[in-house]
Amino acid sequence: MAHVIQPLDQPSNYKDSQTRMDRKRQNEMLVNSTTLYIGNLSFFTTEEQIYELFSKCANAADGGGIKRIIMGLDRNTRTPCGFCFVEYYTHAEALASMRYVSGTKLDERIIRCDLDLGYREGRQFGRGKSGGQVRDEHRQDYDPGRGGWGAQAQRLEVERRRAVEERYSDAQDGPGAVAGGGEEWKEIETSEGKLKRGRSPEDEGDNDRMGRRTRIDEVTEADRM
């Protein structure tokens with residue numbers, strides 16, 4: 001059964017697209033890595049919460065412990081965007097976190113841990129077009145813990161609302177207002193104090209046609225008599 005069960009302390013097949021080293025070199029570095037990548041965090045999870053959880057796998061008595069935590073940030077707003085890096089002093093502590101913390105819940109979310117090649121400046125920022133993570137760029141579901149709708153879905157909604165606002169931007173305030181593209185409405189005060197639409201040249205043409213039709217009907221009726 002040992003070859004059937006996947007070990008919990010094995011790194012994933014993820015390859016950083018921005019690193020220039022090959023897979024073999026990456027695997028060699030992961031063998032001694034003391035850094036973990038933590039994913040699927042809530043935007044509202046704090047550094048203190050992360051420290052409290054991952055310190056359970058630290059072994060300060062043997063010179064270990066958490067060295068530092070680097071929170072993942074939106075590139076534009078500099079606010080948390082759902083991931084972080086946890087650096088331990090020893091490789092054994094990192095493996096223990098993969099065994100016992102990965103797959104557990106933090107802020108009602110199942111988090112995942114993976115061995116990382118090591119943090120370097122710049123990796124704390126999201127790589128998505130909107131500044132956050134790429135996964136949130138294309139997400140179509142509503143996730144309240146990660147900013148609601150995905151970035152693309154939010155942009156489409158903004159464009160839709162802008163189109164609606166432009167369509168009705170020329171509407172007049174008050175009675176008789178119509179959306180742009182309709183006929184002009186003239187406000188005329190009548191003896192009853194009500195507003196009605198003024199006659200347009202098209203209306204006058206319609207009345208002339210109706211008058212001619214009435215006269216034709218009268219002549220036809222006289223002939224029948």
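Under a hydrophobic-cluster definition in which Ile, Leu, Val, Met, Phe, Trp and Tyr are linked whenever side-chain heavy atoms come within less than 4.5 Å, directly or via other members, M98 and F54 are assigned to the same cluster. Following chains of ILVMFWY side-chain contacts shorter than 4.5 Å, one can reach Y88 starting from I69, so the two form part of one hydrophobic cluster. A single hydrophobic cluster is not seen to contain both L36 and I70; linkage of ILVMFWY side chains at heavy-atom distances under 4.5 Å, directly or through other members, places them apart. If you chain together hydrophobic residues whose side chains sit under 4.5 Å apart, I38 and L53 fall into the same group. Under the 4.5 Å side-chain heavy-atom criterion for ILVMFWY residues, a single connected hydrophobic cluster contains both L95 and V101.
The backbone N or O of G118 sits nowhere less than 3.5 Å from a side-chain atom of T35 that would complete a donor-acceptor pair. Formation of a donor-acceptor pair under 3.5 Å by the E166 side chain with backbone atoms of V164 is not found in this model.
Here the OG1-CG distance, from T34 to L115, works out to 9.5 Å after rounding to the nearest 0.5 Å. Annotation: the span from I111 atom CD1 to L106 atom CG amounts to 5.0 Å, rounded to 0.5 Å.
With sequence neighbours left out, Y142 forms a ring-ring contact (aromatic ring centres under 6.0 Å, His included) with W149. Scored by the side-chain contact (heavy atoms from CB on, under 4.5 Å) test, R146 finds N40, F43, R109, Q133, R135, D136, R139, D143 as partners (sequence neighbours excluded).
Y37 does not carry R112 over the face of its six-membered ring by the limits of under 6.0 Å from the centre and within 45° of the normal.
Salt-bridge annotation for E28 and R25: present, with a side-chain N of the basic residue lying under 4.0 Å from a carboxylate O of the acidic one.
Considering only heavy atoms from C-beta on, Y119 comes within 4.5 Å of R68 through its side chain.
Shown here is Q49, whose CD atom has more than 12 heavy atoms of other residues, nucleotides or ligands within 6.0 Å.
When only modelled atom types and interatomic distance are considered, E137 and S130 share a side-chain donor-acceptor pair under 3.5 Å.
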